[in-house]
Structures are given as C-alpha cells and as structure tokens.
Amino acid sequence: QVQLVESGGGLVQAGGSLRLSCAASGRFFSLNVMGWYRQAPGNERELVATISKSGRTNYADSVKGRFTISRDNAKNTVYLQMNSLKPEDTAVYYCGAAWKGNLMSNEIWSWGQGTQVTVSS
C-alpha cells in the first residue's frame, strides 16, 4: 500500500507563489506516473499536471507557463511550483500516484488527503 502526504498549501495573494510537495511511502515495487489534481467548491476534480517516472510532463492549459511539476525519484516525491497565482487557482490540491505492488500486479492509483490553496485578490 502507498501513502501520499501533501504539504505546502496555504494562503497567498494574487501574483504570489507556492510550492507543493507530495511524498510517497509504504511498500511498493514501482512508482510510476505522479500528478496533481485540484477541486474547487462545486466543481469536479480536474487535472493540473502529471509527470512520468522518466520526467515527461503534461499540464492543463489553464496552468501552462505558470506551474511546473517535477519529481525526485530517489525521494519518491513530486513537487508543484505554482507561480503567478490567480484567485481561480483556489482549490484543494490532491496528489495522485500510480504504483505496483510487484512486477506482475496491476497498477493502482492512490490519492493523498489534499491540501488547501487559497489565492486572495
């Protein structure tokens, strides 16, 4: 089982920056795609960015050029650097990761508990 623990959320003014971290722990054979998603009140959870184990990235159009996802495979940690934040970025940000328990097992997706990001205007 994999546990994902996010940190780094908070309150920031528009135009400011925040850096989110998500550390994976537990027993697993491999940790594959990791990503960040967000959910604002009344909205569905949406993709922010994902990163493969080899470093290939994918971003939502709304955050391209402002957010950067990265990961440290040695630390099983994924980061989200958020710059030029806007009030519409306000949401609970969730870390997610795809992992396998052993070579032959199916891939499983797990979620973290979420961290609140609030951007004031």
Side-chain angles (χ1 to χ4, degrees):
Q1 190 70 11
V2 166
Q3 293 81 44
L4 301 172
V5 178
E6 300 106 332
S7 60
L11 173 64
V12 64
Q13 288 189 329
S17 298
L18 282 175
R19 189 192 195 210
L20 306 183
S21 299
C22 171
S25 62
R27 297 174 63 88
F28 50 89
F29 172 75
S30 64
L31 195 60
N32 303 320
V33 172
M34 300 184 78
W36 291 96
Y37 293 72
R38 67 187 181 187
Q39 187 168 17
N43 292 354
E44 297 202 349
R45 192 171 298 188
E46 64 177 9
L47 168 75
V48 176
T50 60
I51 185 168
S52 70
K53 193 170 185 178
S54 63
R56 185 169 56 193
T57 58
N58 178 50
Y59 293 94
D61 288 343
S62 59
V63 306
K64 282 181 181 176
R66 300 189 298 122
F67 292 10
T68 302
I69 189 170
S70 61
R71 66 189 283 173
D72 184 333
N73 290 329
K75 295 182 179 179
N76 296 322
T77 300
V78 62
Y79 306 96
L80 186 68
Q81 178 65 44
M82 305 185 292
N83 299 329
S84 302
L85 282 160
K86 304 175 181 180
E88 51 263 43
D89 294 317
T90 296
V92 177
Y93 283 69
Y94 295 91
C95 171
W99 58 278
K100 297 180 71 172
N102 58 66
L103 180 63
M104 301 306 293
S105 64
N106 293 327
E107 201 167 71
I108 298 171
W109 183 267
S110 291
W111 293 104
Q113 82 285 354
T115 185
Q116 177 70 45
V117 171
T118 302
V119 185
S120 63
S121 57

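For the single chain, residues carry numbers from 1 onward in sequence order.
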Interatomic spacing from [atom1] in [X] to [atom2] in [Y] - rounded to 0.5 Å:
| X | Y | atom1 | atom2 | value |
| --- | --- | --- | --- | --- |
| Phe67 | Met82 | CZ | CE | 5.5 Å |
| Ile51 | Ser70 | CD1 | OG | 6.0 Å |
| Ile108 | Gln1 | CD1 | CD | 7.0 Å |

*Mind jotting down which residue pairs meet the side-chain hydrogen bond (donor to acceptor under 3.5 Å, both in side chains) criterion with at least one end in residues 12-29? Sequence neighbours excluded, please.*
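Qualifying pairs: Ser17-Asn83.
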Residues two or more places apart in sequence or in another chain: which of them pass side-chain contact (heavy atoms from CB on, under 4.5 Å) with [X]?
| X | result |
| --- | --- |
| Thr115 | Glu6, Leu20, Tyr93 |
| Asn102 | Met104, Ser105 |
| Ser84 | Arg66 |

*Can you list the steps and then say if Lys86 with Asp89 is a salt bridge (Lys or Arg N to Asp or Glu O under 4.0 Å)?*
CA-CA 5 Å; Lys86 304 175 181 180; Asp89 294 317; over 6 Å; no
Is there a side-chain contact between [X] and [Y], using heavy atoms and a 4.5 Å cut-off?
| X | Y | answer |
| --- | --- | --- |
| Cys22 | Trp36 | yes |
| Lys53 | Val33 | no |
| Val117 | Thr90 | no |
| Thr50 | Thr57 | no |
| Cys95 | Val78 | yes |
| Tyr59 | Leu47 | no |

*Validation row, ring centre Trp111 to ring centre Tyr37 under 6.0 Å*: yes
_Hydrogens and angles aside, do Asn73 and Arg71 bring a side-chain donor and acceptor to less than 3.5 Å of each other?_
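There is such a pair (donor and acceptor under 3.5 Å, judged by atom type) between the side chains of Asn73 and Arg71.
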*Donor + acceptor pair across side chains of Ser30, Trp99 (<3.5 Å)*: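 Short answer, no.
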*For Ser121 and Pro87, work out which heavy atoms get closest and say how close.*
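Taking Ser121 first and Pro87 second, the nearest heavy atoms are CB-CG, 3.8 Å.
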*Return the minimal non-hydrogen interatomic distance between Ala49 and Leu80, and the atom names on each side.*
CB-CD1, 4.4 Å
Quick check: is [Y] connected to [X] through a chain of hydrophobic side chains (ILVMFWY, heavy atoms under 4.5 Å apart)?
| X | Y | value |
| --- | --- | --- |
| Val12 | Tyr79 | no |
| Phe29 | Met34 | no |
| Leu18 | Tyr94 | no |

*Taking only residues two or more places apart in sequence or in another chain, which ones pass salt bridge (Lys or Arg N to Asp or Glu O under 4.0 Å) with Glu46?*
Arg38
*Residues forming a side chain to side chain donor-acceptor pair (under 3.5 Å) with Thr118, sequence neighbours excluded*: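 Applying side chain to side chain donor-acceptor pair (under 3.5 Å) to Thr118 gives Gln116.
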*How far apart are the C-alpha atoms of Asn32 and Lys100, what are their side-chain angles, what is the distance that settles it, and do they pass the side chain to side chain contact (heavy atoms under 4.5 Å, CB included) test?*
CA-CA 8 Å; Asn32 303 320; Lys100 297 180 71 172; 4.1 Å; yes
